[in-house]
Amino acid sequence: PPRSTLFPYTTLFRSEESAAAAFRAVAGAPLNSPAKADATVRLKILAVDPARPASGDQALLGARLHDDPNDAVARVRAAGLEQQKGAWQDAARDFEAVAKANPRDNHALVPLVEIYAGPLNNPARARALAKLAHDVAPTDAEVSAILGRLVYQTGDYAWAASLLELAGRALPGRADVAYDLARAQYALGEVGAAQGTLESALAGTPSGAKGAAAQSLAKLFAATNDPT
């Protein structure tokens, strides 16, 4: 079958959805051919969801990467499975390989920021990759929101606040973004601004752990502003 470097998923097509549509057209062709077989395999790889792995996913991806180590989509999926297992070094290695081949691939850059900001505890590497990821998509509010939260973990509160303000303007109804921005503002000593932002977060009634954290932060603000 043609190698992915000649028939790439992410550069030939604008999205995975359009790639899948093209591969379905080839896979559904009446005649057998190497291209049809290759399209069938690629459809199976695109169907892998690392958040909800199926029993044969790891074997499928391993076989594909053995045949074509340059298949970026298969490698990102494999790295996602490694993340789910807590195999952080392995996940970082695979995401780094994708980023090395395509330094503008946020499918690899953003997860790398998360890994280095958290489990592998390499803030400098996380910030460097965050800058690359932001440069790739400077107006993407979702990317800014994710990077802002992760950059906060590295201790760069000023940049985290800047990213989260950008995201918040584009996503005004997102309580999670408002909460993360409030944390960054508070860390910078901007208590008044943080309290105003947090009121927005609480108005959005964030649920679960984020909601509980927002309530705790609100109590901290109240204690900070109470002169007694």
Side-chain angles (χ1 to χ4, degrees), residues 1-17 19-20 23 38-138 140 142-156 159-160 163:
R3 295 176 67 82
S4 63
T5 47
L6 300 179
F7 191 30
Y9 298 71
T10 53
T11 57
L12 185 59
F13 300 101
R14 289 174 181 256
S15 69
E16 289 189 356
E17 290 79 10
F23 291 136
D38 184 61
T40 301
V41 171
R42 292 178 191 271
L43 281 170
K44 291 179 181 178
I45 291 168
L46 284 169
V48 172
D49 182 357
R52 293 181 289 274
S55 59
D57 286 350
Q58 190 164 354
L60 170 69
L61 295 172
R64 178 61 182 175
L65 290 171
H66 178 270
D67 293 340
D68 184 2
N70 296 313
D71 189 324
V73 175
R75 195 164 293 283
V76 165
R77 296 292 201 277
L81 292 180
E82 289 155 355
Q83 278 184 295
Q84 290 295 313
K85 295 188 297 183
W88 304 112
Q89 292 284 0
D90 292 338
R93 180 200 63 224
D94 279 332
F95 281 130
E96 288 276 14
V98 175
K100 183 178 180 180
N102 182 5
R104 298 184 62 79
D105 190 343
N106 268 351
H107 292 95
L109 292 175
V110 174
L112 279 171
V113 176
E114 183 173 13
I115 291 170
Y116 285 122
L120 295 190
N121 191 27
N122 188 339
R125 182 63 176 154
R127 285 192 290 269
L129 290 165
K131 184 178 186 307
L132 291 175
H134 182 60
D135 288 346
V136 170
D140 189 319
E142 291 290 350
V143 171
S144 293
I146 295 169
L147 294 178
R149 172 175 54 82
L150 296 174
V151 168
Y152 174 90
Q153 292 178 224
T154 74
D156 192 337
W159 188 26
L163 289 167

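All of these numbers come straight from a predicted model, not from anything done at the bench. FYI, side chains are in, hydrogens and waters are out, and symmetry mates aren't considered; it's all heavy atoms of this structure.
- Taking CZ from Arg125 and CD1 from Ile115, the interatomic distance works out to 11.5 Å, rounded to the nearest 0.5 Å.
- Summarising the local packing, CD of Gln89 is surrounded by 12 or fewer heavy atoms from other residues, nucleotides or ligands at distances under 6.0 Å.
- Across every non-hydrogen atom of Val143 and Ala133, the tightest pair is CG1-O, 4.3 Å.
- Put simply, the side chain of Asp156 gets close to the backbone of Trp159: a donor and an acceptor are under 3.5 Å apart.
- Side-chain contact between Gln83 and Pro50 is absent, with no heavy-atom pair separated by less than 4.5 Å.
- Counting non-hydrogen atoms of neighbouring residues, nucleotides and ligands closer than 6.0 angstrom, the CD atom of Gln58 reaches no more than 12 such neighbours.
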Would Arg77 and Leu46 satisfy side chain to side chain contact (heavy atoms under 4.5 Å, CB included), going step by step from the backbone distance to the final call? CA-CA 8 Å; Arg77 296 292 201 277; Leu46 284 169; 3.9 Å; yes
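- A donor-acceptor pair is defined here as one N or O able to donate and one able to accept, closer than 3.5 Å; such a pair exists between the side chain of Arg75 and the backbone of Pro69.
- A 4.5 Å side-chain heavy-atom check between Arg42 and Asp71 finds at least one atom pair inside the cut-off.
- Looking only at side-chain heavy atoms (C-beta outward), Val76 and Asp94 stay at 4.5 Å or farther from each other.
- The backbone N or O of Leu65 sits nowhere less than 3.5 Å from a side-chain atom of Asp68 that would complete a donor-acceptor pair.
- Pairing each heavy atom of Leu112 with each of Ala99, the nearest pair is CD1-CB, 4.2 Å.
- The minimum heavy-atom distance between Gly80 and Phe95, with the atom names listed, is N-CZ, 4.1 Å.
- In terms of heavy atoms, Ala130 sits closest to Val113 at N-CG2, 3.4 Å.
- The pair Asp67-Arg64 fails the salt-bridge criterion, with no side-chain N (NZ, NE, NH1 or NH2) lying under 4.0 Å from an Asp/Glu carboxylate O.
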